[in-house]
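All remarks here apply to the structure that follows.
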Amino acid sequence: MPTSCAIRAVFCPDWPDRRNAIVDRPVRVRFAPSPTGPLHIGGARTALFNWLFARHHGGSFILRIEDTDRRRYKAGSLEQIIEGLRWLGLNWDEGPEVDGPYGPYFQSQRTELYREWANWLVANDKAYRCYCTAERLNAIRKSNPSGYDRHCRYLTPEERAAHEAQGDPFVIRFKMPLEGTTTVFDEIRGNIVVDNATLTDLVLLKSDGFPTYHLANVVDDHFMAITHIMRAEEWIPTAPVHRQLYEAFGWEMPRIAHLPVILNPSGRGKLSKRSAGRLPDGRRVPVLLHEFREAGYLPEALVNFLTNIGWSFGEDREVFSVEETIARFDLSRVNPAGSKFPLEKLDWLNGVYIRQKSADDLLPLLRERLEAAGYTVRDEVLRQAIPLIQPRLHSLNDVVEKAGFFFAETVTPTAEDLIQEQMDAASTRAALEAAYSVLAGLPVFETAAIETALRALAGTLALKPRQLFGVLRVAVTAQAVAPPLFETMAILGRETTLARIAAAQALLVDTPA
RNA sequence: GCCCCAUUCGUCUAGUGGCCCAGGACGUGGCCCUCUCAAGGCCAAAACAGGGGUUCGAGUCCCCUAUGGGGCACCA
């Protein structure tokens with residue numbers, strides 16, 4: 001029984017509350033998104049932690065689609081979620097496109113099961129039909145923001161019969177215990193205790209016959225044999241409610257852990273599309289998973305980054321592979337406190353991963369970005385440019401500004417950029433002229449030869465290296481900041497290099513000194 | 001308003017009663033390297049929210065306060 005041993009090793013042996021000790025079953029965890037829009041990075045993180053937990057324990061990772069809200073359903077979002085998870089490398093053992101023994105994995109296909117168990121609760125006096133109208137509910141909410149007033153819980157049999165006779169629509173509500181306390185043991189935070197009096201008679205089955213999250217979640221986790229629930233912190237308040245549901249059903253509740261929220265990097269509140277704002281440098285803070293992909297982040301960097309928020313590898317290490325993470329992942333290293341989104345760190349990490357990649361792996365990724373920017377890419381040129389730009393990239397998208405000029409037909413520097421410190425148009429033009437003939441006369445047009453010749457030329461012209469090279473850099477790339485000059489020229493080739501130098505020279509003819 | 005959760009450098013974090021006048025990383029500043037910019041190397045500044053306990057001893061345990069966050073739908 002290696003699996004149960006592993007779990008026992010991870011979890012403290014002396015928990016205060018052991019009623020729900022699920023330790024002898026193989027680990028089964030789930031990620032349960034609802035197809036209401038693109039995957040949020042916080043959701044991706046939740047999925048990741050579940051996946052890591054499953055892989056660490058040799059258990060199963062299940063993808064379940066919680067599509068019980070017909071009004072919020074968005075076509076295409078399921079595909080987006082699936083694509084996003086795959087991009088991150090989070091494969092599931094059961095779920096959409098992967099059949100398993102506990103299906104179906106779409107809640108919309110399991111409604112009969114929920115109805116059955118909701119009715120079971122009613123039959124056993126643990127739930128009741130509520131006929132309250134939306135108007136009445138709204139009025140209550142105004143005067144009492146903390147829950148339903150339980151009006152229909154105390155209907156007389158006659159009143160109930162009257163509603164039924166009229167065919168009034170109803171929901172099924174849970175009969176929450178009115179006294180006592182409920183305790184939930186959170187694997188990360190310890191016991192969470194609440195007064196039952198603060199708990200509401202929540203709706204289990206909506207009037208359209210669909211279950212609410214609470215019902216569907218509990219029923220599915222039970223029948224799908226889920227052993228551990230890992231979900232975001234905003235669910236903490238419902239944990240005691242769910243515990244009561246498990247009690248009512250007489251089912252063993254899975255172990256549960258609430259992952260810390262991700263907060264906005266600047267400003268306040270949890271990270272959201274609306275409030276994320278911008279970074280100090282003006283970039284928009286990415287929030288949706290696909291936005292990270294589009295911003296040029298590598299999935300392996302993102303995974304590493306996400307595991308550094310709310311969890312730590314230990315050993316003073318920040319950079320580690322998924323394999324290492326799986327080997328080490330456990331809940332005891334999860335930090336319960338919410339954290340701001342340290343995006344600058346992702347930029348650094350992404351750079352680390354870009355530098356670790358081989359040129360062959362990087363090439364198609366960079367080509368894609370260059371082509372998206374409108375360049376026609378020649379692979380031989382890009383392959384040569386990669387070693388030059390690799391240490392200069394933080395995002396895949398940076399390739400456009402770092403190497404776009406390699407693929408441009410012509411380049412258009414300005415006279416102002418061309419003329420270096422303590423130089424004027426005349427001396428700049430003279431430098432270009434001299435460089436042209438030196439480079440034109442080189443027996444071989446290679447980095448070392450170019451460098452030797454140009455350094456000598458700087459001496460001849462009594463220019464500082466930074467002056468001469470600055471002029472040539474702008475002439476050849478139209479940028480003040482670019483990869484190393486001599487390598488750049490060699491890759492560009494003699495013809496292009498000379499053409500660009502000549503063009504720069506021509507530009508200065510009309511420029512007054 | 002009510003309920004719940006959290007609180008170590010600017011930020012992400014290590015730390016599970018003595019090994020901590022608190023370690024790492026990003027970022028920031030300085031220096032080195034240098035044709036620009038990176039990358040790399042070296043160095044530096046920078047934190048236990050406050051107050052009470054418990055203990056021989058508290059960043060680590062308890063309580064209060066403050067602050068931050070989350071939740072209070074026929075949404076998940």
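Letters A, B, ... mirror the listed sequences (proteins, then strands); counts begin at 1.
Note on Arg231(A): every side-chain N or O is 4.0 Å or more away from OP1 and OP2 of A76(B). One finds no side-chain N or O of Arg173(A) lying less than 4.0 angstrom from the OP1 or OP2 phosphate oxygen of A73(B). Side-chain N/O atoms of Arg466(A) include none lying less than 4.0 angstrom from OP1 or OP2 on U34(B). Taking side-chain N and O atoms only, His214(A) has no distance below 4.0 Å to OP1 or OP2 of A73(B). The phosphate of C75(B) has neither OP1 nor OP2 within less than 4.0 Å of any side-chain N or O from Arg71(A).
When rounded to the nearest whole Å, the span between NZ of Lys206(A) and C1' of C75(B) equals 7 Å. Atom-to-atom, CZ of Arg141(A) to C1' of G71(B) comes out at 14 Å; the value is rounded to the nearest Å. Put simply, CG on Leu346(A) is 11 Å from C1' on C26(B), counting in whole angstrom units. Separating the CG atom of Leu388(A) from the P atom of A38(B) is a distance of 16 Å, rounded to the nearest angstrom. With rounding to whole Å, Leu205(A) atom CG is found 15 Å from A73(B) atom C1'. Taking atom NZ of residue Lys402(A) and atom C1' of nucleotide A38(B), one finds them 7 Å apart after rounding to whole Å. Between Asp208(A) atom CG and A73(B) atom C1' there is a gap of 14 Å when expressed in whole angstrom units. One can place CZ of Arg115(A) at 14 Å from C1' of C74(B), the figure rounded to the nearest angstrom.
Inspection of the Asp347(A) and Tyr297(A) side chains reveals an N or O donor paired with an N or O acceptor under 3.5 Å. For the 3.5 Å distance criterion, the side chains of Arg231(A) and His258(A) qualify, holding a donor opposite an acceptor. Between the side chains of Asp201(A) and Tyr128(A), at least one donor N or O sits under 3.5 Å from an acceptor N or O. In summary, the side chains of Thr181(A) and Asp195(A) do not present any donor paired with an acceptor at a separation below 3.5 Å, with no hydrogens or angles considered. With 3.5 Å as the limit, one finds no donor-acceptor pair spanning the side chains of Thr428(A) and Gln420(A).
Aromatic ring pairs are classed by plane angle as parallel below 30°, tilted from 30° to 60° and perpendicular above 60°; the pair Tyr213(A) and His242(A) is tilted.
Nucleotide G59(B) has no partner under the Watson-Crick or G-U criteria, as no pair reaches both atom distances under 3.5 Å. With a 3.5 Å ceiling on both atom-pair distances, the Watson-Crick or G-U wobble partner of A25(B) is U11(B). Applying the Watson-Crick and G-U wobble criteria (two distances, each under 3.5 Å), U54(B) pairs with nothing in any strand. In this structure, C2(B) and G71(B) make a Watson-Crick or G-U wobble pair, each of the two defining distances being under 3.5 angstrom. When Watson-Crick and G-U wobble pairs are counted only if both distances are under 3.5 Å, C31(B) pairs with G41(B).
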### Query
Run the side-chain hydrogen bond (donor to acceptor under 3.5 Å, both in side chains) check on Asn191(A) and Thr183(A) step by step: do they pass?
CA-CA 6 Å; Asn191(A) 277 336; Thr183(A) 302; 5.8 Å; no
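Using a 4.0 Å heavy-atom distance criterion, Pro240(A) is classed as making no nucleic acid contact. Nucleic acid contact for Thr68(A): sugar-phosphate only, since backbone atoms but no base atoms lie under 4.0 Å from a heavy atom of the residue. Residue-level contact check: Glu401(A) touches neither bases nor backbone, having no heavy atom under 4.0 Å from any strand. When heavy atoms are screened at a 4.0 angstrom cut-off, Leu485(A) is found touching base atoms of the nucleic acid. Residue contacts for Ser34(A): at a heavy-atom cut-off of 4.0 Å it reaches the sugar-phosphate backbone alone, with no base atom in range. In this structure, Val171(A) reaches the bases: a heavy-atom distance under 4.0 Å links it to at least one base atom across the strands shown. Within the 4.0 angstrom heavy-atom criterion, no nucleotide atom of any strand lies near Arg317(A). Contacts of Phe486(A) with the nucleic acid, taken as non-hydrogen atoms under 4.0 Å apart, include base atoms. The residue His394(A) sits close only to the backbone: its heavy atoms come under 4.0 Å of sugar-phosphate atoms, none of a base. Looking at heavy-atom distances under 4.0 Å, Gly147(A) makes contact with sugar-phosphate atoms alone, never a base.
Rounded to whole Å, the C1' atom of U28(B) lies 39 Å from the corresponding atom of C63(B). Atom name P, nucleotides G18(B) and C61(B): the rounded distance is 12 Å, in whole Å. Going from the C1' atom of G1(B) to that of C9(B) covers 37 Å, rounded to whole Å. Nucleotides G59(B) and A49(B), compared at atom C1', are 12 Å apart to the nearest Å. Rounded to the nearest Å, the gap between the P atom of C62(B) and that of G68(B) is 23 Å. Between the C1' atoms of G23(B) and C31(B), the separation comes to 24 Å (whole Å). Only the C1' atoms considered, G51(B) is 15 Å distant from U67(B), to the nearest whole Å. One P atom belongs to A47(B), the other to G24(B), and the distance between them is 14 Å to the nearest Å.
Judged by atom type and distance alone, Thr198(A) does not reach the base of C3(B) through any side-chain donor-acceptor pair under 3.5 Å.
Relative to the ring axis of Tyr246(A), Arg243(A) does not place its NZ or CZ within 45° and under 6.0 Å from the centre. Figure legend: cation-pi geometry between Arg64(A) and Phe31(A) absent, as NZ or CZ is not positioned both under 6.0 Å from the six-membered ring centre and within 45° of its axis.
Although no hydrogens or angles enter the test, the distance criterion places a donor-acceptor pair under 3.5 Å between the side chain of Thr477(A) and the main chain of Gln479(A). At distances below 3.5 Å, at least one donor-acceptor pair connects side-chain atoms of Asn350(A) with backbone N or O atoms of Gly296(A).
Each of Lys270(A) and Arg473(A) has a nearest nucleotide on RNA chain B; the 5'-most of these lies closest to Arg473(A).
In the set G71(B), A39(B), U34(B), A39(B) carries the atom at the smallest distance from any side-chain atom of Pro391(A).
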### Message
Output one letter per nucleotide in nucleotides 6-15 of chain B: B when a protein non-hydrogen atom lies under 4.0 Å from the base, S when only the sugar-phosphate is that close, - when neither is.
### Response
SS---SBSSS
